[in-house]
Amino acid sequence: MPPKANAMKNFVEELKWRNMLHDMTPGTEELFSQGPVSGYIGFDPTADSLGIGNMVQVMTLTHFQRTGNKPIALVGGATGMVGDPSGKSAERNLLGVDQLNHNLECQKKQLEKFLDFEGANAAQIVNNYDWFKEMGFLEFIRDVGKHLSVNYMMAKDSVKNRLETGMSFTEFSYQLIQGYDFYYLWKHMGCNIQMGGSDQWGNITTGTELIRRMESGNVSALTTPLIKKADGTKFGKTEGGNIWLDPMRTSPYKFYQFLLNTADADIGNYMRVFSTLGREEIESIEAEHNEAPHMRLAQKRMAAELTARVHSSQDLKKAEDASEVLFGRATKEALMALDEATILDVFEGVPQAKVSKSAVEAGCDIVNLLTEQTGFLASNGEARRALKENSISINKSKVAPDYSATSNDLIDGKYILLQRGKKNYFLAIVE
RNA sequence: GGGGAGAUACUCAAGCGGCCAACGAGGACAGACUGUAAAUCUGUUGUUUUUUAACUUCGCAGGUUCGAAUCCUGCUCUCCCCA
């Protein structure tokens, strides 16, 4: 499914115009000028799904592959057992082995969707547990640990920041484990560069240093800037929590909505990072967007592309339909025309309650429907207040306080969409 | 251990015997406006079939009083000062 590599464009150049280059070791550009490169990025199995934040690194690999290079995605079966101290102010709790393996498997499946496993520069997914499981402690500290000084390791920010508050030996040794990964991939798979977020710079350079000291190897490191919103807040988080790639955690609809709500100030940057569109195309979309920002062409375009890539084009279609019904000028007619499956999908996650059919057929007073029948609103007083505010809609049309719901209001003979204001939905299932 | 201050609705914070369902601010929700944005303006924010009405609420339990969030007693908790 991922697009084939296009004409051999230079990866570093590609990252530069996408604003995705934060730092790289000297000699990195020469490395790419010599032909296809094999490189890797590691993923930490802290959860059983990748979050949208991880998409930055997924996209780094995607751009890497599209410029003709061979990507390796590493899932951290071994490193996950230890815990990366980077950016953490306190010791991490270790995950149980079962949990870890579960997370690993789930992340691996997700990663498989994004890379191309065919052709000359086919992607690979590896698990560092595979080469650590055989290795004994003595072997490791003798063959690997001997090459780096504690002084060197202590100079890393991830360690330095913890000297005051304390840090276990386990976390201290994390960089060595990750460094050895790089060595192993370099030695056995010809991997010449490790990439990652800028917070990984320290860990990555431990690897390049290790390779230099162990076998005088010369490899590169490259990091991408941490993506954040123009207002300085963290990307990928909402009041509702993290945005996940797993549809069970974050529905495709919510995923789509999250992207659609991107601020104008961020959209240009996001398009560069998250889409595979070329420079000219992005610039022309931006120009068009600036002509009529309220149309949010850029947001729609990016949300569509990413939703389709992460989920599927069917999921995208549903998300777009759902958005149209919820936010567009969808009329009562459009809503009434929806089939049952779409309704359930659109209103998945919307609070629901069952209402007896006989009550509705007899004509159900609106206040009663809002409170006793459904529990949508807390009290009769609140319901009356809301009605007075003209904020209650049934099936997208406003209703007066003296309204009575009847079977005419049923969608597909069994649903009534209640709404308070624009954003609060409630689905009454009548049966 | 001694002394002092306090506990009020989602949060902060007035009230110190009747006019208190309780000022005000923030938040939240809604309406107008709008781009499913921001800002702004307006309204609502204890329950009860709209009410000049009733009921439940001001840490907990009692008491004084025609009447208490407001006074008294005990309890619980929080904070501050001196040891």
Side-chain angles (χ1 to χ4, degrees), chain A residues 52 228-240 243 250-271 285-304 306-307 316-332 334-335 345-351 359 362-405 417-426:
Chain A
I52 196 164
K228 52 178 190 277
K229 297 197 275 189
D231 61 12
T233 55
K234 205 168 176 179
F235 168 75
K237 292 263 200 303
T238 63
E239 310 90 50
I243 298 294
T250 302
S251 72
Y253 164 72
K254 287 211 188 92
F255 185 85
Y256 177 83
Q257 279 290 322
F258 170 79
L259 294 169
L260 197 64
N261 281 315
T262 302
D264 292 348
D266 292 316
I267 190 65
N269 193 25
Y270 288 9
M271 266 197 296
I285 292 172
E286 276 183 314
E288 209 175 324
H289 179 263
N290 290 333
E291 287 291 305
H294 59 281
M295 297 305 288
R296 285 185 302 163
L297 186 84
Q299 281 92 336
K300 281 181 184 160
R301 186 66 189 270
M302 191 201 53
L306 204 51
T307 306
L316 168 63
K317 177 77 170 65
K318 281 186 187 170
E320 284 175 337
D321 287 350
S323 300
E324 188 55 33
V325 167
L326 290 172
F327 298 105
R329 297 197 191 283
T331 54
K332 187 169 180 174
L335 184 68
D345 193 64
V346 168
F347 297 108
E348 180 201 352
V350 164
C364 184
D365 175 56
I366 183 66
V367 172
N368 183 262
L369 180 66
L370 289 169
T371 57
E372 241 176 276
Q373 296 289 334
T374 58
F376 180 29
L377 301 182
S379 69
N380 293 356
E382 188 180 351
R384 254 182 244 109
R385 215 179 291 133
L387 285 160
K388 207 159 61 182
E389 284 166 342
N390 194 28
S391 66
I392 299 295
S393 305
I394 283 190
N395 299 335
K396 302 291 287 185
S397 43
K398 299 277 185 188
V399 295
D402 56 0
Y403 189 83
S404 272
L417 179 65
L418 302 174
Q419 203 180 342
R420 179 186 191 185
K422 294 191 183 79
K423 290 171 195 158
N424 295 318
Y425 289 92
F426 192 97

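Values in this document were obtained by computation on a predicted structure and should not be read as measured data. Per chain, numbering begins at 1; letters A, B, ... match sequence-line order.
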Checklist entry - In whole angstroms, how far is the C1' atom of B/G35 from the CG atom of A/N290? => result 14 Å
Checklist entry - Among the nucleotides B/U49, B/U47, B/C29, which one has an atom lying closest to any side-chain atom of A/S379? => result B/U47
Next on the checklist: Could you tell me how far B/G59 sits from B/A53 if I compare only their C1' atoms? Round to whole Å.
Outcome noted: 30 Å
Next on the checklist: Between A/G421 and A/A378, which residue's closest nucleotide on RNA chain B lies nearer the 5′ terminus?
Outcome noted: A/G421
Item to check | For the student: nearest non-hydrogen atoms of A/T250 and A/F255, plus distance | outcome: CG2-N, 3.9 Å
Checklist entry - Distance check: side-chain N/O of A/R384 vs OP1/OP2 of B/U49, anything under 4.0 Å? => result yes
Item to check | Nucleotide opposite B/G1 in a Watson-Crick or G-U pair, distances under 3.5 Å | outcome: B/C82
Item to check | Nucleotide paired to B/U64 in any strand shown, Watson-Crick or G-U, under 3.5 Å | outcome: none
Next on the checklist: Please confirm whether the shortest side-chain N or O distance from A/K422 to OP1 or OP2 of B/A37 is below 4.0 Å.
Outcome noted: no
Checklist entry - So do A/N424 and A/Q419 actually touch side chain to side chain, heavy atoms under 4.5 Å? => result no
Checklist entry - Does a side-chain N or O from A/S391 land closer than 4.0 Å to OP1 or OP2 of B/C29, or not? => result no
Checklist entry - Is B/C77 paired to anything, Watson-Crick or G-U wobble with both distances less than 3.5 Å, and if yes, which nucleotide? => result B/G6
Checklist entry - Is A/Q257 touching bases, backbone alone, or none of the nucleic acid, heavy atoms closer than 4.0 Å? => result base
Checklist entry - For the side chain of A/S323, counting heavy atoms from C-beta on, which of B/U36, B/G35, B/A37 is nearest? => result B/U36
Checklist entry - Do A/E389 and B/G31 have a side chain to base donor-acceptor pair shorter than 3.5 Å? => result no
Next on the checklist: Does A/K398 reach a base, just sugar-phosphate, or nothing at all? Heavy atoms under 4.0 Å.
Outcome noted: sugar-phosphate
Item to check | Distance-only polar pair, side chains of A/D365 and A/S404, donor-acceptor under 3.5 Å | outcome: no
Checklist entry - Taking atom C1' in both B/A68 and B/A21, what distance in whole Å separates the two? => result 15 Å
Next on the checklist: With a cut-off of less than 4.0 Å, is there a side-chain N or O of A/N424 near OP1 or OP2 of B/A30?
Outcome noted: yes
Next on the checklist: Return whichever of A/K388 or A/A263 has its heavy-atom-nearest nucleotide of RNA chain B closer to the 5' end.
Outcome noted: A/A263
Next on the checklist: For B/U36 and A/N261 - does any side-chain N or O of the residue sit under 4.0 Å from the phosphate oxygens OP1/OP2?
Outcome noted: no
Next on the checklist: What's the gap between B/U40 and B/G6 when it is taken at their P atoms, as a whole Å value?
Outcome noted: 37 Å
Item to check | C1' spacing across the pair B/U70 / B/C20, given as an integer number of angstrom | outcome: 10 Å
Item to check | B/G26 versus B/U45 - spacing of their C1' atoms, nearest Å | outcome: 13 Å
Next on the checklist: Nearest whole Å is fine: how far is B/U49 C1' from A/L369 CG?
Outcome noted: 16 Å
Checklist entry - Looking across every strand, which nucleic acid part, if any, lies under 4.0 Å from A/R385 by heavy atom: base, sugar-phosphate, or nothing? => result sugar-phosphate
Checklist entry - Given the P atoms of B/C71 and B/A5, what is the spacing between them in whole Å? => result 13 Å
Checklist entry - So does A/E382 pair up with A/R420, basic N to acidic O under 4.0 Å? => result yes
Next on the checklist: Can you tell me how far apart CG (A/L377) and OG (A/S379) are? Round to the nearest 0.5 Å.
Outcome noted: 8.0 Å
Checklist entry - Is the number of heavy atoms from other residues, nucleotides or ligands under 6.0 Å of A/K398 NZ greater than 12? => result yes
Checklist entry - How many Å lie between CG on A/L370 and P on B/U49, as a whole number? => result 14 Å
Item to check | Pairwise P distance, B/U34 and B/G24 [rounded to whole Å] | outcome: 31 Å
Checklist entry - Whole Å only: how far is the OH atom of A/Y403 from the P atom of B/U50? => result 24 Å
Item to check | Base-pairing assignment for B/U11 (Watson-Crick or G-U wobble, both under 3.5 Å) | outcome: B/A25
Next on the checklist: Output the rounded distance in Å from CG (A/L297) to P (B/G35).
Outcome noted: 16 Å
Checklist entry - Taking the six-membered ring for Trp, are A/Y270 and A/F235 ring centroids under 6.0 Å apart? => result yes
Checklist entry - Atom CG of A/L377 and atom P of B/U48: how far apart are they, to the nearest Å? => result 11 Å
Item to check | Distance, P atom - from B/A14 to B/A25, rounded to whole angstrom | outcome: 15 Å
Item to check | Whole-Å distance separating the CD atom of A/E382 from the P atom of B/A30 | outcome: 11 Å
Checklist outcome for this item: Answer for the Watson-Crick or wobble partner of B/C20, both distances under 3.5 Å, is none
Checklist entry - Side chains of A/Q299 and A/D264: do they bring a donor and an acceptor to under 3.5 Å? => result yes
Next on the checklist: Nearest whole Å is fine: how far is B/A37 P from A/D266 CG?
Outcome noted: 16 Å
